[in-house]
Each structure stands twice: as C-alpha cells, then as structure tokens.
Amino acid sequence: MPLCVFDIYEDGTAQVPDDDHLTGPGRYRWWHYDLADPTLAPWLATHLPDIPAGALLQPETRPRCDEYDDGLILNLRGINLNEGQQTDQMVSVRMWVTDAVVVTVRMRRIFAIDELRELASQNAAPPRPSTFLEALVSRLTARVQIEVARLAERTAFYESDLEDLSTPPPKELPVTRRSTIKLERYLAPQRSALERLAELDLPLVPDVDSMKLRELANRTAIVVEELDALQERIVTVQDEHDNQVAQRQARHGYVLSLAAAVFLPLSFLTGLFGVNVGGMPGVDDPRAFAILCLAMVGLAAIMLAILRWFRWL
C-alpha cells in the first residue's frame with residue numbers, strides 16, 4: 001500500500017482517491033511509496049514502463065535527471081534528519097514525473113516529502129507537477145544550505161582556535177572533513193541534475209517554473225562551491241595543527257640536544273673520575289671533590305658560552 005496518494009487539482013485542493021488507477025480526475029495524481037513495500041514492484045510493473053519502474057526500485061541511487069517518453073526519471077538527495085542517524089548520510093527520493101502523475105519512492109523518511117503531504121492534507125498542494133518539483137527541490141536545498149552553514153561555522157571556529165598555539169587539534173576536525181566529502185559526493189551530481197532539469201524544453205516544465213528550478217540549481221552550485229572551499233579550509237587547519245606539533249617537537253628535541261651537548265663532557269669527566277683503579281689523582285686530597293665540581297661548573301659555563309657564540313642558544 002502507498003504511504004499516501006492524492007488527486008491534486010489546479011487550485012491546490014487534494015482528495016484521496018477511491019480507485020487504484022495511475023491517474024485521476026485532478027490536475028495530477030501523486031503516489032508516494034516506501035521502497036520496502038512488497039506491493040511496490042508489482043504495482044510499478046503494471047502501471048509504468050520497464051525503465052522508469054526499474055529506476056524507482058533501485059536500492060542504491062545517485063542524483064540524475066533523464067527524459068523518457070513524455071516523463072522524467074529524477075533522483076534527488078536531501079539531508080538525513082532522522083533521529084539517531086548521521087545528517088551526512090543523505091536520504092534519496094526516486095521520482096517518475098509526467099504531466100498527469102507523480103510517483104515518489106523513498107527508502108528512509110524524507111521530511112521535505114512529509115511537508116508536501118501535510119500541504120496536500122490542508123488543500124494547499126502544489127497545483128502542477130512542475131510546481132511539485134519546485135517545492136520539493138526548494139525544501140531539499142534549504143536543508144542542505146542549513147547543514148553547510150553549520151559546517152562553515154564549525155570550520156571558522158577551528159580556524160579561530162589556531163590563534164592559540166596551545167590549543168590541541170580538535171577531535172571533531174576529521175569528522176567535519178568527512179561530512180563535507182560525503183555531502184559533496186552527492187551534491188555535485190545533484191547540481192548537474194538540477195541544471196539539466198531547468199534546461200529541459202518540455203511542456204511538463206513551463207518557463208515560469210523553469211526559472212525557479214534554474215535558481216535552485218544555482219543555489220546548489222553555490223553550496224557545492226562552499227563545500228569545496230570548506231574542504232580546503234579544513235585541510236589548511238589540519239596542516240597548521242600538524243606544523244605546530246612538528247614545531248613543538250623540533251623545539252623540544254633542540255632543547256634536549258643542547259642539554260646533551262652541555263652534559264656530555266660533564267658525564268665523561270664523572271665517568272673518568274669514577275673509575276675505581278689505582279693512580280686516580282686527588283684520591284688522598286680532601287679538596288679534590290670540590291675542585292672537580294668547580295671545574296665541571298666552569299666547563300659547563302664554557303660550553304654554554306660556545307653555544308651562544310655559535311648562536312645555538
């Protein structure tokens with residue numbers, strides 16, 4: 001059984017039909033199915049051509065827009081707002097659109113579709129298939145823009161943290177980078193699909209709706225460009241943190257090397273005078289230990305002076 005089905009009229013009013021025909025008396029009929037519905041495949045095989053039916057049943061999709069006879073095969077992606085799921089694991093909606101029918105298929109809940117269902121229930125549905133597409137794309141794009149703005153704000157926070165050299169690399173930085181990569185993976189082809197949709201010369205998409213779709217395609221292009229920039233900014237932040245870590249390690253290693261340069265001759269002296277064999281000077285002189293300590297202090301001062309002379313300190 002479909003999740004919903006409406007006959008939608010020119011004035012936006014909608015009625016639930018009492019028959020199972022593909023089209024109805026309204027301006028168009030909207031069918032909405034869940035991909036897991038066992039009745040979907042037989043229904044599609046009965047009412048739709050083979051190629052659109054197969055496209056609606058695909059478990060894995062990518063954004064696309066293709067003409068077929070008098071209709072459109074359209075796949076789009078949106079932000080995943082389902083509870084307990086990652087937002088960058090985008091949800092997909094599969095569509096077959098003609099001038100008389102719109103069939104949408106989901107795998108997971110799509111809040112943009114739910115809003116359109118609510119509009120239909122309130123007799124305020126989009127009056128034409130093209131306006132249905134415009135309303136759906138607009139809602140999907142708006143949610144994408146909100147998510148990308150959130151990632152941009154987080155990236156700006158990472159960049160501001162670079163001013164404090166003591167701040168460790170944020171643990172969320174790799175997660176943010178992966179999110180931008182995942183979003184761009186789907187939104188780049190979605191931009192192409194929307195641009196193709198806006199350029200179609202079909203009676204299905206009037207000029208007034210084509211202009212709106214073109215604007216939505218432009219907004220998606222801006223989002224993709226922003227994602228490209230975010231990836232570069234995140235890489236820059238990561239590189240800067242790596243440079244800071246490398247500089248701290250190099251500085252610590254340098255200090256240890258200087259300490260070793262000072263204490264190496266002192267260790268040699270203490271090792272030499274610690275040899276427990278006959279003939280060691282000062283064994284019977286009570287002042288020998290004090291003389292040795294003063295000599296080591298003097299040697300350390302000479303070593304420090306030499307390091308400063310060579311500007312190693």
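The structure presented is a predicted model; accordingly, all values stated were derived computationally and were not measured.
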Discussion item. What I'd like to find out is whether the side chain of Leu216 reaches to under 4.5 Å of the side chain of Ser138, using heavy atoms alone.
Written reply: yes

Worksheet item: Can you pull the salt bridge (Lys or Arg N to Asp or Glu O under 4.0 Å) pairs that have at least one residue in residues 219-238, sequence neighbours excluded?
Response: Glu159-Arg233

Worksheet item: Sequence neighbours excluded, which residues qualify as salt bridge (charged side-chain N to carboxylate O under 4.0 Å, His left out) partners of Arg128?
Response: Asp209

Worksheet item: Considering residues at least two apart in sequence or located in another chain, which fulfil the side chain to side chain donor-acceptor pair (under 3.5 Å) criterion with Asp34?
Response: Arg106

Discussion item. Run the salt bridge (charged side-chain N to carboxylate O under 4.0 Å, His left out) test against Arg94 and tell me which residues pass, sequence neighbours left out.
Written reply: none

Discussion item. Applying salt bridge (charged side-chain N to carboxylate O under 4.0 Å, His left out), can you list everything that pairs with Arg109, at least two apart in sequence or on another chain?
Written reply: Asp114

Discussion item. Tell me every residue that passes side chain to side chain contact (heavy atoms under 4.5 Å, CB included) with Thr46, counting only those two or more places apart in sequence or in another chain.
Written reply: none

Side chains of residues 184-191: which donor-acceptor partners sit under 3.5 Å, not counting sequence neighbours?
residue: Glu184; atom: OE1; partner: Gln231; partner atom: NE2; Å: 2.2
residue: Gln190; atom: OE1; partner: Arg77; partner atom: N; Å: 2.6
residue: Gln190; atom: NE2; partner: Arg77; partner atom: O; Å: 3.1

Item to complete: Can you tell me which residue pairs pass the ring pair (Phe, Tyr, Trp, His ring centres under 6.0 Å) test with a partner in residues 93-150, sequence neighbours excluded?
Response: Trp30-Phe132

Item to complete: Applying side chain to side chain donor-acceptor pair (under 3.5 Å), name anything that partners Trp31, two or more places apart in sequence or on another chain.
Response: none

Discussion item. So, using side chain to side chain contact (heavy atoms under 4.5 Å, CB included) as the criterion, who are the partners of Val235 when residues are at least two apart?
Written reply: Arg177, Asp239

Fill in: Those residues that, when tested against Arg154, pass salt bridge (charged side-chain N to carboxylate O under 4.0 Å, His left out) (two or more places apart)
none

Item to complete: Scan residues 13-26 for pairs that pass salt bridge (Lys or Arg N to Asp or Glu O under 4.0 Å), counting only residues two or more places apart or in two chains.
Response: Asp19-Arg29

Worksheet item: Got a sec: does the CZ of Arg150 have more than 12 other heavy atoms crowding it under 6.0 Å?
Response: yes

